[in-house]
Amino acid sequence: MKSIETELTKLLGIRYPIIGAPMFLVSYEALTIAVSDAGGLGMFPLPNYRTIEDLETALKNIRNATDKPIGVNIHLSGKFPWKDQLALCLEYGVNFFITSLGDPSLIIEDVHKSGGLVFADVISLKHGLRAKERGVDGLVAVAAGAGGHGGKIPTIVLVPYLKENTGLPIIAAGGVSTGYQLAASLCLGACGAITGTRLLATHEADISDDYKQAVIDTEPEGITCTDRLTGNRAYWIASSIEGIEASPELGSRKWKDLWSAGQSVAQANEIISAGEVIQKMAEGCLCTLESTLRNVKGNIL
Ligand SMILES: Cc1cc2nc3c(=O)[nH]c(=O)nc-3n(C[C@H](O)[C@H](O)[C@H](O)COP(=O)(O)O)c2cc1C
């Protein structure tokens, strides 16, 4: 079986430089296991589990199914029991952490002691430089059009911008869901990519069939960006949030009816397994790199 080796795959011990995005109310055990077993890195966000006991059950389920590396998205704010979450994750061998809220330096020493890595989600160079000062191992470049809380700068600009100005390893996030998009990310200097939106339309995503169908049916033109629901810019399937305003009544049941997705709905045309998504991305990436090189060489000669 082929593999794609980058700085990220070497650091994490995975076959392909593809990370299954941690997605709120979407990625639980099944998706995490499927992505890791397919040679990528499966991830889930810790807020998906309301109690430490639920988190431990999830980690046990994952560990009973696979011994492959996995990662989590950790929120380092007072609202979350992140110290207990961190201790549990390290106990179960989680070796990759993406921080979104809070100061990543709070966890770096402990994670490094266990041989793991800490990357920070950033949408700008200012964020990237601050995370670098705090000692992160790399950055996730959250670009415009990414599902969830996407940024303002397109992937094609943000990845080299962050890489050139921070010198850190960069993971591309935003619109990377096929082999040619993964190849493009590597050409931009990324050491890997996170794919989120494409994994919504998979058997293992823990969301309603209506949500999956909407991801397939929606075109990029049907994706809207607004801060009115969470207070931060986020990308949504426009039809699912029509007429909805933020309010204290937006409990977790209601959140499940507000469908976040990024512009790469363009490449989500059928519901398949997450393993197939990863496999197709990897194979497509190698084909794209080989054929591009062949074509360019031909033209130069
Ligand atoms: C429904 C949804 C929920 C998300 N929730 C989170 C989250 O809880 N934590 C996080 O770090 N990123 C979250 N993201 C962002 C993804 O981790 C990832 O950066 C993004 O989906 C990549 O861009 P793409 O959607 O274009 O593939 C979410 C994305 C989606 C689509």
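The figures that follow rest on heavy atoms only: side chains count, while hydrogens, waters and symmetry mates do not. Just so you know, these numbers come straight off a predicted model, no measurement behind them.
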Which heavy atom of [X] sits nearest to which heavy atom of [Y], and what is that distance?
| X | Y | answer |
| --- | --- | --- |
| I194 | A21 | CG2-CB, 3.4 Å |
| A131 | L139 | CB-CD2, 3.8 Å |
| L12 | P69 | O-CG, 3.4 Å |
| G102 | R134 | O-NH1, 4.2 Å |
| E7 | C191 | CB-CB, 4.2 Å |
| Y235 | G151 | OH-O, 3.3 Å |

Taking [X] for its side chain and [Y] for its backbone only, find out whether a donor-acceptor pair lies under 3.5 Å.
| X | Y | result |
| --- | --- | --- |
| D257 | S240 | no |
| E283 | K280 | no |
| D137 | V118 | yes |
| Q263 | A146 | no |
| Q267 | S177 | no |
| S260 | G148 | yes |
| Y180 | L289 | no |
| R198 | S264 | no |
| W259 | K256 | yes |
| S3 | E5 | no |

Beyond-backbone contact of [X] with [Y], side-chain heavy atoms, under 4.5 angstrom:
| X | Y | result |
| --- | --- | --- |
| V72 | Q85 | no |
| S273 | E204 | yes |
| H127 | S124 | yes |
| D110 | L90 | yes |
| V35 | T195 | no |
| L88 | D84 | no |
| I4 | R15 | no |
| L199 | V26 | no |

Do [X] and [Y] belong to the same hydrophobic cluster, where Ile, Leu, Val, Met, Phe, Trp and Tyr are linked whenever their side-chain heavy atoms lie under 4.5 Å apart, directly or via other members?
| X | Y | answer |
| --- | --- | --- |
| I52 | I74 | yes |
| F97 | I170 | yes |
| V265 | L200 | yes |
| W82 | V94 | yes |
| I216 | I237 | no |

Indicate whether the side chain of [X] and that of [Y] have a donor and an acceptor atom separated by less than 3.5 Å.
| X | Y | answer |
| --- | --- | --- |
| E56 | Y49 | no |
| D210 | S208 | no |
| N73 | S100 | yes |
| D121 | H149 | no |

Roughly how far, to the nearest 0.5 Å, is the [atom2] atom of [Y] from the [atom1] atom of [X]?
| X | Y | atom1 | atom2 | value |
| --- | --- | --- | --- | --- |
| K83 | L106 | NZ | CG | 8.0 Å |
| I62 | S36 | CD1 | OG | 8.0 Å |
| N232 | I123 | CG | CD1 | 8.0 Å |
| L31 | M43 | CG | CE | 11.5 Å |
| D206 | L25 | CG | CG | 9.5 Å |
| L46 | C89 | CG | SG | 4.5 Å |

- Item | Residues I70, F96; criterion side chain to side chain contact (heavy atoms under 4.5 Å, CB included); working and verdict | CA-CA 7 Å; I70 57 165; F96 187 68; over 6 Å; no

- Item | Among I98, L162, V122, T99, the one residue meeting side-chain contact (heavy atoms from CB on, under 4.5 Å) with V140 |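 When side-chain contact (heavy atoms from CB on, under 4.5 Å) is applied between V140 and each of I98, L162, V122, T99, only I98 qualifies.
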
- Task: Please test E29 against T32 for side chain to side chain donor-acceptor pair (under 3.5 Å), starting from the C-alpha separation and ending with a verdict.
- Result: CA-CA 5 Å; E29 292 104 296; T32 308; over 6 Å; no

- Item | Crowding at CD, E109 (>12 non-hydrogen neighbours, <6.0 Å) |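 Incorrect, the count does not exceed 12.
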
- Answer yes or no: does atom CD1 of I156 have more than 12 heavy-atom neighbours from other residues, nucleotides or ligands under 6.0 Å?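 Counting other residues, nucleotides and ligands, CD1 of I156 stays at 12 neighbours or fewer.
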
- Query: How far apart are the C-alpha atoms of K212 and I207, what are their side-chain angles, what is the distance that settles it, and do they pass the side chain to side chain contact (heavy atoms under 4.5 Å, CB included) test?
  - Reply: CA-CA 7 Å; K212 292 182 190 183; I207 55 175; 3.8 Å; yes

- Evaluation steps, ring pair (Phe, Tyr, Trp, His ring centres under 6.0 Å), between Y28 and F44: CA-CA 6 Å; Y28 294 84; F44 63 87; 8.2 Å; no

- Query: Going through the checks in order, is the side chain to side chain contact (heavy atoms under 4.5 Å, CB included) test met by T51 and D54?
  - Reply: CA-CA 5 Å; T51 65; D54 289 349; 3.1 Å; yes

- Query: Going through the distances and angles, do F119 and L8 end up as a side chain to side chain contact (heavy atoms under 4.5 Å, CB included)?
  - Reply: CA-CA 11 Å; F119 275 53; L8 186 72; 4.3 Å; yes

